[in-house]
Structure formats: C-alpha cells, structure tokens
Colleague: 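Let me begin by handing over the structure; questions about it come next.
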Amino acid sequence: MSPTLQARDITKVYGHVSALSGADFDVDAGEVVALIGDNGAGKSTLVKILSGTETPTSGEILIDGKPVTITGPLAARQYGIETVYQDLALAPHLNPVQNMYLGREIMRPGIMGRLGFMDKAAMRAGSKQAFDELGATVRNFSGTVGAMSGGQKQAVAVARAAAWGKRVILLDEPTAALGVVQTKGVLDLIRRVRDRGLGVVFISHSMPAVMGVADRVEVMRLGHRVASYRAKDTSMEELVGAMTGAVTQENGS
C-alpha cells in the first residue's frame, strides 16, 4: 500500500544555493512522522514544498501513490493537506470561530446568504464540535485569538487544520514557544489527530517532544534524508548523532 504523501528526489535551488538535494520523505495515514535536522538541513523548505508555498526545482510528489502537482496552498488543501506554521497564520483580531472558518465561511440559506449574511450559529456549532473532538481547551469563543495563551492559540490552529485536512497535517515547530504544560496539551492534540487516521508531519528541535509523540523519525542533513527510525527503536543520542553525521544508519557507528 502506498504512503498517503510521498516526496521523491526533491531538489530546491535558490540561485547558487541548494536547499534540498535529492530529498525523500513519506508519511502514512494514522502516523506521526517527526522531521528533524540541524538548522539549514532543509526541513522547512521541504514542508513549504509539500504545502504548496514553494515549487520544487525537480522531483516528484505523490498522493496515495499517484504523482501530483501542487501549484499552491489552495491546491494542497484540495488534496487534503493542511499546514500549521510556526507563526500560526491566525488572525489575532478575530475570535476562534472566525479563525476556524476564515475563507470557508458558511452563508445563511436563501436570500440572506446571497446578501452576504453568515450563518454564525452553524459555524459556532462546527467549531465547538471540532474543538471537543480533539479535546482542545478553547473556552472563550467570543474573545479575540490575540488575547489567548500560546497553548490555546496552538489548539485553535491545530484543530482548524484537523477539521479541514483530509489526509495530512504539517506542523512546523508547534511547541517552540510553549511551556511544559502547554507543550503536553499540543502533543496530546497531535496524538488525537493521528488516531483519527490522518498523517501528521511534526517538525521540531525538541528531542523530548519528538520521542514523546512520533511513531517514526526522519533525519535530514545537508538537504536530504540521511536516516529513518522507528521512534521506539531509537534514542536521543542516536538521533543527534544522525543529525550531526556522527552516526550513519547503515553502519550504526
């Protein structure tokens, strides 16, 4: 059975700089894959390509085993791929419901909808269901997202991605600015997303977070994948060694 999302031999060149050189990657349904590597390893560039915000110089992307061309973020969404960036891309002046349905507003039926009136009750009910299904601790639906804690903002962003994503959610450093308790809450959300059958790609520099939530760990170095481990069969020391080049998966030395 083919992976839900797969990248083959992806290269990305900016002028004379090669950000990716023959990068491979794959994620299955119902799996959390952590993507790790030192700064400049190519992690974020690969995610930008998978999410449609960057176009690869060469290489191939496959969904359910079939080659596709992701021409932009809208195309990625149509393929069931949602992304939560490090800056969250939330509208801070809007409330959680408005953020959940931003660009996907439900209009009221009949003439009122044609006049531009939104069905706020339906959107509120849909948002509450999405948050409840993931156990997201979003209590204030009318206050602005900008006034929320970092953990609650992440909960809104992850729940929105899970609500609209049909295949894969890409998370770029979702716990970077969070404390211990908030980080645990986000990792719990990621597990629930996985348990709903979605593939989750998790970029992080936090080895404890990676070991705590990932089913598989893909290690990138100098623009391509250098190792792939089952999380339960590896250690932080081995992962750091693969990131730095001190350990190679082939010889384990």
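These numbers come from a predicted model, not from an experiment.
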Colleague: Closest heavy-atom contact between Asp119 and Pro109?
Modeller: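 The pair with the smallest heavy-atom distance is OD2-CD, 4.4 Å.
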
Colleague: May I have all residue pairs that pass ring pair (Phe, Tyr, Trp, His ring centres under 6.0 Å) and include part of residues 160-185, sequence neighbours excluded?
Modeller: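 Applying ring pair (Phe, Tyr, Trp, His ring centres under 6.0 Å) to every pair that reaches into residues 160-185, excluding sequence neighbours, yields Tyr101-Trp164.
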
Colleague: Hey, could you give me the OG1/NZ distance between Thr57 and Lys12, rounded to the nearest 0.5 Å?
Modeller: 4.5 Å

Colleague: Checking side chain to side chain contact (heavy atoms under 4.5 Å, CB included) against Phe202, which of Val217, Ile36, Ile190 comes through?
Modeller: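 Checked Val217, Ile36, Ile190 against Phe202; only one passes side chain to side chain contact (heavy atoms under 4.5 Å, CB included): Ile190.
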
Colleague: When you measure from the side chain of Asp24 to the backbone N and O of Asp9, does any donor-acceptor pair fall under 3.5 Å?
Modeller: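 Looks like yes, one N/O pair under 3.5 Å.
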
Colleague: List the atom of Ser206, the atom of Ser204, and the distance in Å for their closest heavy-atom pair.
Modeller: N-OG, 2.9 Å

Colleague: Is there a path of hydrophobic side-chain contacts, each under 4.5 Å between heavy atoms, that joins Ile111 and Phe117?
Modeller: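 Yes, Ile111 connects to Phe117 through the hydrophobic network.
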
Colleague: Tell me yes or no: between the side chains of Thr11 and Ser58, is some donor less than 3.5 Å from an acceptor?
Modeller: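 Per modelled atom types, Thr11 and Ser58 side chains form a pair under 3.5 Å.
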
Colleague: Are the side chains of Pro96 and Val145 in contact, using a 4.5 Å heavy-atom criterion?
Modeller: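 The answer is yes; the side chains approach within 4.5 Å.
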
Colleague: Among the clusters formed by ILVMFWY side chains lying less than 4.5 Å apart, do Met207 and Tyr229 turn up in the same one?
Modeller: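 Yes: a chain of side-chain contacts under 4.5 Å links Met207 to Tyr229.
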
Colleague: Please give me the minimum heavy-atom distance between Thr4 and Ala29, naming the atom from each residue.
Modeller: OG1-N, 3.0 Å

Colleague: Using a 4.5 Å cut-off between side-chain heavy atoms of Ile, Leu, Val, Met, Phe, Trp and Tyr, which other residues end up in the same hydrophobic cluster as Tyr79?
Modeller: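 In the cluster with Tyr79 are Leu5, Ile10, Leu20, Phe25, Val27, Val33, Leu35, Leu46, Val47, Ile49, Leu50, Ile61, Ile63, Val68, Ile70, Ile81, Val168, Leu170, Val201, Ile203, Met220.
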
Colleague: Would you say Gln154's side chain and Pro174's backbone share a donor-acceptor pair under 3.5 angstrom?
Modeller: yes

Colleague: I'd like to check Lys43 versus His205 (side-chain heavy atoms, cut-off strictly below 4.5 Å). Are they in contact?
Modeller: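 A side-chain contact exists here, since the closest heavy-atom pair is under 4.5 Å.
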
Colleague: Please tell me if the side chains of Pro67 and Leu62 come closer than 4.5 Å, counting only heavy atoms from C-beta onward.
Modeller: yes

Colleague: Atom CD in Gln98, atom NZ in Lys120: separation rounded to 0.5 Å?
Modeller: 7.5 Å

Colleague: Taking side chain as C-beta onward, heavy atoms only, is Pro208 less than 4.5 Å from Met236?
Modeller: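 Answer yes - side chains close enough.
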
Colleague: Quick one: pull up CG in Leu198 and CZ in Arg192 and give me the separation to the nearest 0.5 Å.
Modeller: 15.0 Å

Colleague: To the nearest 0.5 Å, what is the distance between CD on Glu82 and CD1 on Ile169?
Modeller: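 Reported value, rounded in 0.5 Å steps: 7.5 Å.
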
Colleague: How long is the gap from CD on Glu173 to OG on Ser44, to the nearest 0.5 Å?
Modeller: 7.0 Å

Colleague: Test your reading of the model: is there a side-chain donor-acceptor pair from Thr244 to the backbone of Gly241, 3.5 Å cut-off?
Modeller: yes

Colleague: Where do Asn99 and Arg160 land on the side chain to side chain contact (heavy atoms under 4.5 Å, CB included) test, with the steps shown first?
Modeller: CA-CA 8 Å; Asn99 270 282; Arg160 180 177 66 181; 4.1 Å; yes

Colleague: Before accepting this row, confirm whether a basic side-chain N of the pair Arg230/Glu238 lies closer than 4.0 Å to the acidic partner's carboxylate O.
Modeller: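 Salt bridge between Arg230 and Glu238, a charged N being under 4.0 Å from a carboxylate O: no.
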
Colleague: Heavy-atom distance under 4.5 Å between the side chains of Val200 and Leu171, does that happen here?
Modeller: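 Contact flag for Val200/Leu171 side chains = yes.
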
Colleague: Given Lys48 and Asp172, is the side chain to side chain contact (heavy atoms under 4.5 Å, CB included) satisfied, shown in steps?
Modeller: CA-CA 10 Å; Lys48 288 176 182 177; Asp172 189 359; over 6 Å; no

Colleague: Show the nearest heavy-atom pair for residues Met100 and Ala130, with the distance to one decimal.
Modeller: CE-CB, 3.8 Å

Colleague: Quickly, which of Asp215, Asp28, Asp188 forms a salt bridge (charged side-chain N to carboxylate O under 4.0 Å, His left out) with Arg194? Name it, please.
Modeller: Asp215

Colleague: Roughly how far, to the nearest 0.5 Å, is the CD atom of Gln129 from the CZ atom of Arg124?
Modeller: 14.0 Å

Colleague: So which heavy atom on Met123 is nearest to which on Met118, and how close?
Modeller: CE-CB, 3.8 Å

Colleague: Hey, is Arg167 close enough to Asp64 for a salt bridge, meaning N to O under 4.0 Å?
Modeller: yes

Colleague: At their closest point, which heavy atom of Val213 faces which heavy atom of Arg191, and how far apart are they?
Modeller: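 Heavy atoms of Val213 and Arg191 come nearest at CG2-CG, 3.9 Å.
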
Colleague: Is there a donor-acceptor pair under 3.5 Å between the side chain of Glu133 and the backbone N or O of Phe131?
Modeller: no

Colleague: Indicate, with yes or no, if Val156 and Ile106 share a hydrophobic cluster defined by side-chain heavy-atom contacts under 4.5 Å among Ile, Leu, Val, Met, Phe, Trp and Tyr.
Modeller: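 Yes, Ile106 connects to Val156 through the hydrophobic network.
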
